[in-house]
Amino acid sequence: MAPKKSSVPVPENWEDDDAPEEDETADLEAFQRQYEDDQSWTALQEDEYGRLRPLDFREEQRAKRQRLLSAAASASIRRGMIRYLQIIVDLSRASSIGDMRPNRLAVMAGVLQGFIRKFFDENPLSHLGLVIMRNGVAERLTELAGSPEAHIAKLQGAMDAGGDASLQNAMNVALDSLKSIPPYGHREVLILFAALSTCDPGNVMDAVKAAKERNVRVSIVGVAAEVHICRVFTKETRGEYGIALNERHFEELVFSHATPPPSLAGDTSASLVRMGFAHRNPDGIDGTAYIGAECKLGTGGFTCPRCRARVVELPCSCHICGLTLVSSPHLARSYHHLFPVRAFSEVPQAELEAVKAGAEATVVAKTSSEDGGSTCYGCLTELTVSGEDLTQDLGVVVRCGECKQLFCYDCDLYIHETLHNCPGCETMASHDQAANSEGQNGAETANMDED
Amino acid sequence: MAQDSDKEDRSLLVILLEAHQGLWSQLNPETDANGTEEPRHLTLAGFLQQVLVFINTFLSLSDANQVAVIGMTSTTSSVLYTSPSLLSSSPVANPVEVSSNPSHEVLANLTILLREEERQTGDAAQPAALSGGLSRGLCLINKAVSSARAGGKRSALPRVLCLQGSPDATQQYIAVMNSIFAAQRSEVVIDACMLSGSESTFLQQATHLTGGIYLRPKLRGALLQYLLTIYCGFTFSRSHLELPQPLGVDFRASCFCHRRAIDMGFVCSVCLSIFCENVPECSICGTCFSNAPRTPAAKRKVGSAFTD
């Protein structure tokens, strides 16, 4: 089914004598021929800080923007906001190979830690669990739970590799723990796969069938090469399959799973979930109580509004009455997935020159000119460059379609990746809303904005 | 200049001034019981005087400190002043510019801003666009921090101080929360000083989540005292100071249907909107809910004793 592993160095002395050496020199010659005409250094330049960067970095920026734009364009679709994600980590012998520096295992561990933090940052109401594949068996490292630090601590303690990977065993464990989640939750499995084979007790297609039946979305990020059974898994369960080219690409691929995936209306039954907004208890002597399921005497914590039990942190489910306890910022953290900033459009260089000329002609003080002249509205950087000084060039300039303000490339990234607000639109927003009581996002937002 | 200052504590302070005209008439009602309650009063002129003294004091604490002042009105926001070293992307700052006077620049630009506001709108009672000001401030900070990092230098410690007077604009809720989370992610501390009589939930949440200080001064006329004693010092030295303790922050949500603050509610699993009662259809995203809400407690029928 899956190709037998070939890239794995086999320690046994099955190859011998001088034959490989000749191969090696032939390889080297081929390598030299291939890169003979590649003068990559001519496409580089030095910037003001001595860093090297490509001459046509605009293209690079455009490519990155393109990825952002596609994310923004797909933002109006329905997403699974309450997720239950099982991460399966491949700790088989293949993950100790050193084609990524220092080895695949260290890279996977580092990226996974970052991912766990980012996952809870973007999906505070979601749950996550860890399963590892090692020595042909699957082991449940952590149960589905909400706290990132607990997962990371467990993960750090389990980082040694050996044996084979078994997709079927791992899927059985993962599906088992996803069985008991509430019907509105989105079931997902993310596999970090290093091996090129799977060593299973039965037919691995049974696992595919079971995942499909239970509506579990299986996504896989491979660090070696594409494997047929992984492709089948992701295709059948409408997941995503990516193969990492290098360490950075691997991180990109894994982190792309932090955003809630699109969901079909029939995937999960939508329902109203009863949640409690817990009160924070005062610190100090007045707030002293037995807190949490462990009944530790302490101060602070939160009080469940239904049964008055004290819990240590939010979000969690009350250990007495089972009510989901959250605070309003936890909900607000997810709203940017639902109301994203519209994608900005690129302004051609010629138009930019015209804007600058116009701003200079009408000598208005810089603050009063409505479209901010030729400076970035966010960071006030000069957007047009005088002369041919390429090292000062800022690259792509963009404009917001709503408020017509200009932004530099850095601010564009910051606004779409971190801030999720257009500063120009926000400034105009209160005026607009005063005029016709309708926000930037239409009537829906006007209702939503309450707190 | 920049090389020497790498060793010492440097702050980058972005001050958000709410400066629209309607605010000052709200803050100082004409009818006054005693007539001579001078320290509680704060006029625009007095406010600006005190803020300018604060800015100059802050700048004189260290020549590496940087300040940006953003003015917010109900219709626009504009950057009133930025330290020259903040804007020049090249590491060599022009020595002539360094000696520029922030007071003049702030006042001149503020006058322009207020004139423009007057021209644009007749109704000056609208609250200022806090979200817009915060977003612009965070963009400025992001640029300053990232360019310092690219140059291999340690960047100044970024901080935002909101001087707000008007009550929260509820339609800005999502935008303000987005800004707060962005600040939290980029480790920007948001401090707030609320000038009006009522507390601001937005600013309370902002300061709580980013580790800043929230204060509603009792004597608004003595604003400078508060600013100097509380907001002037370096962020790291705060642990050594006796600062106002945060009061409880209200993290309760209000439902989207009646705008009541609730302890317990129902959340739509698709769009996370909050309702205070069991509704058959989500009014925000239009989803029909197939079944009654199920919680583990409801299933077990144990929780029924606790429900109200």
Side-chain angles (χ1 to χ4, degrees), chain A residues 48-49 51 78 81-82 182-184 269-277 280 282 305-307 321-324 327-329 331-336 338-339 365 367-368 378-381 410-411 414-415 418-421 423 426-427 429-431 433-434 439 444-451, chain B residues 74-79 87 109 112-113 116 126 129 131-132 135-136 138-140 142-143 146 150-151 169-171 173-175 177-179 181-182 185 205 209 248 251-254 256 259 263-273 278 284 287 289-291 293-297 303 306:
Chain A
E48 73 240 58
Y49 300 115
R51 288 171 301 169
R78 181 169 161 171
M81 302 300 283
I82 301 178
Y184 52 80
S269 62
S271 60
L272 278 174
V273 189
R274 185 184 277 255
M275 287 190 191
F277 300 96
R280 205 186 138 71
R306 182 152 71 180
C307 65
C321 69
L323 184 70
T324 310
S327 70
S328 55
L331 293 176
R333 216 175 252 278
S334 302
Y335 286 150
H336 73 82
L338 304 163
F339 305 105
T367 47
S368 68
C379 64
L380 303 179
T381 318
D410 288 341
C411 285
Y414 183 68
I415 287 168
T418 314
L419 187 59
H420 306 295
N421 273 339
E426 285 311 323
T427 311
S430 62
H431 182 47
Q433 278 159 355
E444 286 185 357
T445 339
N447 292 333
M448 289 222 35
D449 292 352
E450 277 311 305
D451 193 22
Chain B
S74 53
T75 51
T76 55
S77 74
S78 81
V79 180
L87 273 192
N109 288 327
I112 297 170
L113 183 70
E116 193 178 340
Q126 283 299 316
S131 56
S135 306
R136 282 192 92 168
L138 287 173
C139 277
L140 265 174
N142 172 54
K143 185 74 168 197
S146 61
T170 46
Q171 70 268 26
Y173 175 64
I174 291 182
M177 290 313 277
N178 280 342
S179 315
F181 296 135
R185 226 165 287 167
Q205 298 203 8
L209 290 172
F251 276 128
R252 278 186 310 171
S254 55
F256 293 179
R259 304 185 177 179
D263 276 340
M264 235 188 302
F266 297 95
V267 175
C268 168
S269 69
V270 176
C271 67
L272 302 184
S273 38
N278 198 352
I284 307 295
T287 317
F289 301 121
S290 47
N291 46 356
R294 289 173 14 150
T295 60
F306 295 108

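Since this is a predicted model, take the numbers as computed values, not measurements.
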Is there a donor-acceptor pair under 3.5 Å between the side chain of A:Y335 and the backbone N or O of B:N178?
no
Residue among B:S179, B:S131, B:S135 satisfying side chain to side chain donor-acceptor pair (under 3.5 Å) with A:E426:
B:S131
For A:D410 and B:K143, work out which heavy atoms get closest and say how close.
OD2-NZ, 3.1 Å
With a 4.5 angstrom heavy-atom cut-off, which part of B:R185 approaches chain A: side chain, backbone, both or neither?
side chain
Side chains of B:C139 and A:L419, heavy atoms from C-beta outward: is any pair under 4.5 Å?
yes
Among the listed options B:C268, B:S146, B:A175, the residue most often paired with chain A at heavy-atom distances under 4.5 Å:
B:A175
If you tally heavy-atom pairs under 4.5 Å between each of A:C411, A:P329, A:G276, A:P305 and chain B, the highest tally belongs to A:P329
Validation row: A:M81, B:V270 side chains within 4.5 angstrom (heavy atoms)
no
Tell me, with the steps shown, if B:F181 and A:T418 meet side chain to side chain contact (heavy atoms under 4.5 Å, CB included).
CA-CA 8 Å; B:F181 296 135; A:T418 314; over 6 Å; no
Of all heavy-atom pairs linking A:R274 and B:F266, the shortest is NH2-CZ, 3.5 Å
Side chain to side chain donor-acceptor pair (under 3.5 Å) involving A:S334 - partner list, sequence neighbours excluded
none
Does A:M275 reach the side chain of B:M264, with side-chain heavy atoms less than 4.5 Å apart?
no
Minimal non-hydrogen separation, A:F277 against B:G265, with atom names
CE1-N, 4.3 Å
Check A:A332 against B:Y173 and note the closest heavy-atom contact, atom names and distance.
CB-OH, 3.7 Å
With no hydrogens and no angle check, is any side-chain donor or acceptor of B:S269 less than 3.5 Å from a backbone partner on A:L272?
no
Quick check for you: to the nearest 0.5 Å, what is the distance between B:I174 atom CD1 and A:H336 atom NE2?
11.0 Å
From CA spacing to verdict: side chain to side chain contact (heavy atoms under 4.5 Å, CB included), A:N421, B:M177
CA-CA 10 Å; A:N421 273 339; B:M177 290 313 277; over 6 Å; no
With a 4.5 Å cut-off on side-chain heavy atoms, are A:S328 and B:Q205 touching?
yes
Roughly how far, to the nearest 0.5 Å, is CG of B:D263 from CG of A:L323?
10.5 Å
Within the structure provided, determine whether A:R333 and B:L272 are in side-chain contact (heavy-atom separation under 4.5 Å).
no
